[in-house]
Amino acid sequence: MKLKRTAIAIIVGLFIYLSLYSWNLRSGQLDQLADYSGLEFVKWTLWPGEWVFDESTDFWNKYIYLVGLKEQNDLLSSQNDLMRLEIMTLREKADQAERLRALLSFSPEDGWYVDGARVVAHRMGPSAALDTIILSKGSTSGVTKDTPVLTPLGVVGRVVQPGFSSSKALLITDVNSRISVRGQLHRTTGLLVGSGAGELLDAKYMKLNAPVSEGEILETSGLAGLYPPGLPVAKVVSVERSDISLFLNVEAVPLVNMESMEEVLLLHKKIMDNSTSPEGN
């Protein structure tokens with residue numbers, strides 16, 4: 001019985017196979033189905049590997065891109081810093097050129113000539129007790145003791161210690177500074193005395209009934225001989241009359257910012273040539 005069933009199954013199988021084979025020869029449907037199924041099988045078999053490959057490639061490309069982008073950003077940042085530095089340098093050169101132009105435009109009184117110098121240090125000395133500056137020129141450039149120091153804005157001070165190639169100058173704000181001055185407007189004379197760095201200047205010995213105005217410019221009088229007359233020094237900020245003094249209480253501020261000076265002018269007296277003087281003729 002079992003053998004009979006097996007034979008029947010084989011016969012049915014052969015019949016189905018031959019029928020399908022004959023049908024496939026006429027229509028080709030089974031071949032197309034097999035091709036389609038094979039392609040789908042291959043696709044889903046290879047897809048995980050392709051996905052891993054694509055993701056790996058994409059990650060690597062992004063990594064390389066980010067590395068390149070970082071390098072590019074670093075380069076641009078470096079170039080930006082260099083451009084900023086160059087702009088700062090150009091601005092500094094422009095400011096320096098403007099200061100030098102102002103220095104060169106200064107015209108001294110007859111009998112005097114000017115020379116430029118750089119400020120190389122401020123407030124030198126024991127405990128920086130003196131309000132001084134160090135200049136880049138000394139006796140080899142004709143600097144002597146009491147050589148006036150100024151800018152186009154006004155008087156800065158005078159040289160108190162000339163060296164071989166540098167000099168120390170006492171500022172008008174120092175307590176040891178004394179300058180004979182007069183008002184530009186009313187011509188009232190006095191003695192301008194320093195009170196220390198950052199403090200107001202005192203214009204002493206201006207008579208009680210003398211005309212002095214707030215905002216008036218004080219200039220050198222030329223009486224002491226250290227400075228030529230007419231150099232601006234300070235501006236009056238207060239004028240008070242005292243009941244116990246014969247003189248006014250006058251305070252003034254320097255016309256020059258002592259802390260920001262970088263270049264100054266040195267004022268020299270011209271030496272008279274005897275061969276061209278009237279006595280030499």
Side-chain angles (χ1 to χ4, degrees), residues 99 102-103 105-114 119 122-123 129-133 135 145-160 168-269:
R99 293 194 303 269
L103 290 176
S105 66
F106 178 80
S107 179
E109 294 285 327
D110 291 339
W112 298 78
Y113 70 95
V114 294
V119 178
H122 288 259
R123 297 181 66 81
L130 298 179
D131 199 8
T132 58
I133 55 175
L135 305 178
K145 187 177 181 180
D146 293 329
T147 294
V149 182
L150 62 151
T151 75
L153 295 177
V155 174
V156 170
R158 59 185 175 88
V159 173
V160 292
K168 180 189 293 184
L170 187 73
L171 302 180
I172 62 174
T173 51
D174 189 83
V175 294
N176 299 295
S177 174
R178 304 287 188 274
I179 301 178
S180 178
V181 295
R182 66 188 177 200
Q184 275 188 350
L185 181 61
H186 301 294
R187 318 304 287 178
T188 301
T189 60
L191 187 68
L192 194 64
V193 180
S195 301
E199 302 294 331
L200 295 175
L201 307 173
D202 291 327
K204 297 183 177 295
Y205 311 122
M206 289 188 169
K207 294 181 180 180
L208 195 61
N209 59 350
V212 182
S213 303
E214 290 187 11
E216 185 173 2
I217 299 299
L218 301 178
E219 61 181 26
T220 55
S221 65
L223 296 179
L226 293 180
Y227 300 91
L231 297 177
V233 184
K235 182 175 69 173
V236 176
V237 294
S238 69
V239 180
E240 296 180 358
R241 284 171 170 76
S242 175
D243 296 331
I244 59 175
S245 176
L246 298 176
F247 303 101
L248 297 170
N249 294 325
V250 180
E251 292 182 321
V253 293
L255 296 177
V256 179
N257 185 345
M258 304 297 171
E259 298 298 327
S260 63
M261 290 184 302
E262 297 184 42
E263 298 90 14
V264 295
L265 292 170
L266 299 171
L267 200 56
H268 304 279
K269 282 186 177 180

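The structure presented is a predicted model; accordingly, all values stated were derived computationally and were not measured.
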J.: Supply the atom-to-atom distance Thr132 OG1 to Lys168 NZ, rounded to the nearest 0.5 angstrom.
T.: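 Atom-to-atom, Thr132:OG1 and Lys168:NZ are 5.5 Å apart.
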J.: For the side chain of Glu240 and the backbone of Asn249, is there at least one donor-acceptor N/O pair under 3.5 Å apart?
T.: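 Not confirmed, Glu240 side chain does not pair with Asn249 backbone.
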J.: What heavy-atom pair brings Gly196 and Asp131 nearest, and what distance separates the two atoms?
T.: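 Scanning both residues completely, I find the closest heavy atoms to be C-OD2, 4.5 Å.
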J.: Please report the interatomic distance CG(Leu171) to CE(Met261), rounded to the nearest 0.5 Å.
T.: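 Going from the CG atom of Leu171 to the CE atom of Met261 covers 5.0 Å.
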J.: How far apart are the closest heavy atoms of Arg241 and Leu208, and which atoms are they?
T.: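 The answer is NE-O, 3.4 Å.
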J.: Starting at CD of Glu199, measure out to CD of Glu251 and round the result to the nearest 0.5 Å.
T.: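 Those atoms lie 9.5 Å apart.
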J.: So does Glu219 pair up with Arg187, basic N to acidic O under 4.0 Å?
T.: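 A salt bridge is present here (some side-chain N lies under 4.0 Å from a carboxylate O).
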J.: If you define the side chain from C-beta out and look only at heavy atoms, does anything of Val119 sit under 4.5 Å from Leu135?
T.: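 Yes, at least one pair of side-chain atoms sits under 4.5 Å.
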J.: Just wondering, do Ile133 and Val156 contact through their side chains at under 4.5 Å, heavy atoms?
T.: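 Yes - at least one pair of side-chain heavy atoms lies under 4.5 Å apart.
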J.: Quick one: pull up CE in Met258 and CD1 in Ile172 and give me the separation to the nearest 0.5 Å.
T.: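 If we round to the nearest 0.5 Å, Met258:CE and Ile172:CD1 are 3.5 Å apart.
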J.: What I'd like to find out is whether the side chain of Pro211 reaches to under 4.5 Å of the side chain of Thr188, using heavy atoms alone.
T.: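 Yes - at least one pair of side-chain heavy atoms lies under 4.5 Å apart.
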J.: Over all heavy atoms of both residues, which pair between Ser213 and Leu185 is shortest? Give the atoms and the distance, please.
T.: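 For Ser213 versus Leu185, the nearest heavy atoms are OG-CD2, 4.3 Å.
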J.: Taking all non-hydrogen atoms of both residues, which atom of Ser180 and which atom of Leu191 are closest, and how far apart?
T.: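 Shortest heavy-atom contact: N-CD1, 3.9 Å.
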J.: Taking Lys204's backbone N and O only, do any of them form a donor-acceptor pair with Asp202's side chain (distance below 3.5 Å, no angle check)?
T.: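 It does not hold such a pair.
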J.: Between atom OG1 of Thr189 and atom CG of Leu218, what is the distance when rounded to the nearest 0.5 Å?
T.: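 Spacing of OG1 (Thr189) from CG (Leu218) equals 11.0 Å.
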J.: For residues Lys269 and Trp112, determine if any side-chain heavy atom of one lies less than 4.5 Å from a side-chain heavy atom of the other.
T.: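 A side-chain contact under 4.5 Å exists here.
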J.: Which heavy-atom pair separates Glu214 from Ser238 by the least distance, and what is that distance?
T.: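 What the structure gives for the nearest pair is OE2-CA, 3.9 Å.
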J.: Using the rule side chain to side chain contact (heavy atoms under 4.5 Å, CB included), only one of Val155, Leu226, Val114, Val149 pairs with Leu267; which is it?
T.: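 The side chain to side chain contact (heavy atoms under 4.5 Å, CB included) with Leu267 is passed solely by Val114 among Val155, Leu226, Val114, Val149.
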J.: Check the surroundings of atom OH in Tyr205: do more than 12 heavy atoms from other residues, nucleotides or ligands lie under 6.0 Å from it?
T.: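 Not buried by this count: 12 neighbours or fewer within 6.0 Å.
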J.: Decide yes or no for Thr151 and Val264: does some side-chain heavy atom of the first lie under 4.5 Å from some side-chain heavy atom of the second?
T.: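 The answer is yes; the side chains approach within 4.5 Å.
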J.: Decide side-chain contact (heavy atoms from CB on, under 4.5 Å) for Leu153 and Asn257; before the verdict, give the C-alpha distance in whole Å, the side-chain angles of both, and the deciding distance to 0.1 Å.
T.: CA-CA 9 Å; Leu153 295 177; Asn257 185 345; over 6 Å; no
J.: If you round to the nearest 0.5 Å, how far is OH of Tyr227 from OG1 of Thr147?
T.: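 Answer for the OG1-OH pair, Thr147 versus Tyr227, is 10.0 Å.
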J.: Indicate yes or no for a side-chain donor-acceptor contact from Ser195 to the backbone of Leu201 under 3.5 Å, with no hydrogens or angles considered.
T.: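 Flag not set: sc Ser195 to bb Leu201 has no pair under 3.5 Å.
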J.: Measure across Gly230 and Arg182 and return the closest heavy-atom pair with its distance rounded to 0.1 Å.
T.: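 Shortest heavy-atom separation between Gly230 and Arg182 comes out as N-NH2, 4.1 Å.
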J.: Examine distances only and state if a side-chain atom of Thr220 and a backbone atom of Leu231 form a donor-acceptor pair shorter than 3.5 Å.
T.: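 Indeed, once roles are kept as given, a pair shorter than 3.5 Å links the two residues.
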J.: Do Leu170 and Arg158 touch side chain to side chain, with heavy atoms closer than 4.5 Å?
T.: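 Yes, close enough: below the 4.5 Å cut-off.
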J.: Quick check against the 3.5 Å criterion: does Thr173 have a side-chain atom that pairs as donor or acceptor with the backbone of Ala197?
T.: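 Flag not set: sc Thr173 to bb Ala197 has no pair under 3.5 Å.
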